[in-house]
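Have a look at the structure below, then the notes.
Numbers here simply count residues along the sequence, with the first being 1. Whatever order the structure lists ligands and atoms in, that order sets their numbers, starting from 1.
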Amino acid sequence: MKQLTIQSSSHAYDVIIGAGLRKKLSQKLGKSYKKILIVTDSKVSSLYLEDVKAGLPDHENLSHVIVPAGEASKSMEQYSRLLDKCIEEQLDRSSLIVGLGGGMVGDLAGFVASTYLRGVDFLQMPTTILAHDSSVGGKVAINHEQGKNLIGSFYSPVQVIYDTDTLRTLPDSEVRSGYGEVVKHALLSDMDWVKEVLSEDFSELSYSQLGDHLLAGIKVKASIVEEDEKEHGVRRHLNLGHTLAHALESDLGYGEITHGEAVAIGIFFAMKVSEKVLESTLPVDAYSAWLKTNEYPVEKLSNLNPERLVNRMKWDKKTIEDRIHFVLLKGVGSPAVVPIPEDDLVNHLKEFIEEVIQIDERD
Ligand SMILES: NC(=O)c1ccc[n+]([C@@H]2O[C@H](COP(=O)([O-])OP(=O)(O)OC[C@H]3O[C@@H](n4cnc5c(N)ncnc54)[C@H](O)[C@@H]3O)[C@@H](O)[C@H]2O)c1
Ligand SMILES: [Zn+2]
């Protein structure tokens with residue numbers, strides 16, 4: 001078992017990582033609660049809900065609510081349904097809401113917890129690799145038709161209980177997705193860790209090493225959000241790979257590529273641009289080989305139009321005048337936010353798409 005404490009602007013909370021923790025929730029709770037509501041999704045519930053409930057044996061006032069699996073549940077409709085459930089169960093200020101699932105459940109359940117009765121305690125039980133990123137840092141939100149995460153708040157959990165055994169049932173695409181954020185944290189951190197991640201072949205994943213990577217990723221995220229919770233400065237470095245990723249996700253259509261897969265491709269682009277613009281020396285060849293070994297869907301770039309992608313990037317939050325603010329790397333562990341003129345970006349993207357497709361076809 002591994003543990004660390006994160007300091008948010010409102011309180012400190014523990015993150016506990018270990019195998020089998022989902023069955024031991026009552027031993028891990030920091031205090032006793034009169035009522036507990038577990039929020040989960042339709043896939044995770046069939047795998048782990050009973051185990052979590054069995055781990056809370058002395059709780060008569062235990063209820064649960066299941067939302068459909070998938071990003072579409074981060075909606076006003078499910079939000080409202082969950083509030084109805086809170087009221088029906090008569091949750092009060094001394095109650096707890098548990099989010100059991102990936103980032104979707106965490107964001108949705110956390111937003112409910114942050115607004116119901118102006119805030120009740122919220123506990124995260126992440127079940128995806130990607131959720132090592134989403135479960136800490138305090139951002140909770142639902143989506144609007146006009147865009148992702150448009151309605152939300154900053155609301156940190158009281159605890160994060162991360163059972164690494166649950167990660168064994170993740171489909172390959174979700175392992176790739178989670179590792180998109182892990183490799184981001186590694187690149188923002190140090191070369192030894194980058195080498196370790198880039199030597200990883202997911203078909204032979206070691207779950208004890210994965211536990212180490214999750215802890216290390218959470219530490220990187222924690223140290224950044226402790227310094228800048230509300231994203232005025234260094235928290236922007238966590239957007240490494242995300243400007244292109246968000247454009248790819250919306251251009252391909254949500255669901256066509258997972259978030260972390262798009263981030264992994266976005267990071268590759270940021271590395272290439274860093275070499276050109278900042279003359280950085282980065283492990284691009286090893287990164288490219290890692291994408292290939294683990295079957296990141298780079299071929300999806302082949303029919304995309306660079307101008308249209310750049311237009312989409314402009315809609316992302318980081319545009320000032322006609323320059324798009326990109327997170328680049330001066331080196332591993334040394335990020336920088338660099339404004340790049342739109343026209344340059346279109347050219348970089350054209351070259352990138354050609355190169356990536358050539359690499360893909362050659363092998
Ligand atoms: N709050 C933040 O700081 C932050 C950061 C990054 C991402 N996010 C959000 O996180 C969400 C993405 O998270 P995600 O990738 O975990 O998606 P997700 O929660 O939708 O999970 C992905 C899929 O895996 C399934 N699943 C979850 N756990 C499983 C398990 N153990 N075994 C088998 N299947 C399992 C889910 O049912 C779903 O189908 C997005 O909504 C994104 O906006 C938030
Ligand atoms: Zn992300």
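The closest protein non-hydrogen atom to atom 21 (O) of ligand 1 is Thr128 CG2, 3.9 Å. The nearest protein atom to atom 43 (O) of ligand 1, hydrogens excluded, is given as Lys74 NZ, 3.0 Å; this is a heavy-atom distance. Counting only heavy atoms of the protein, atom 1 (N) of ligand 1 lies nearest to Lys139 O, 2.8 Å. For atom 25 (C) of ligand 1, the nearest non-hydrogen atom of the protein is Lys43 CD, 4.3 Å. In this structure, atom 12 (C) of ligand 1 lies nearest to the protein heavy atom Leu130 CD2, 3.7 Å.
Between Glu71 and Lys74 a salt bridge is recorded (basic side-chain N to carboxylate O distance below 4.0 Å).
Residue contacts with ligand 1: Leu170 is included, with a non-hydrogen atom under 4.0 Å away.
The Zn ion (ligand 2) lies at the vertex of an angle of 100° between the NE2 atom of His259 and the NE2 atom of His242 (rounded to 10°).
Relative ring orientation between His213 and Trp193 is described as tilted, the plane-to-plane angle lying within the 30° to 60° band.
When only modelled atom types and interatomic distance are considered, Ser95 and Asp92 share a side-chain donor-acceptor pair under 3.5 Å.
With a 4.5 Å cut-off between side-chain heavy atoms of Ile, Leu, Val, Met, Phe, Trp and Tyr, the cluster of Met125 takes in Met1, Ile16, Leu21, Leu25, Leu29, Tyr33, Ile36, Ile38, Val44, Leu47, Tyr48, Leu49, Val52, Leu56, Leu62, Ile66, Leu96, Val98, Leu100, Leu123, Val158, Ile161.
Residue contacts with ligand 1 for His259 are absent, since no atom lies close enough (heavy atoms, distance under 4.0 Å).
The neighbour count for Glu299 CD, taken as heavy atoms of other residues, nucleotides or ligands under 6.0 Å away, is above 12.
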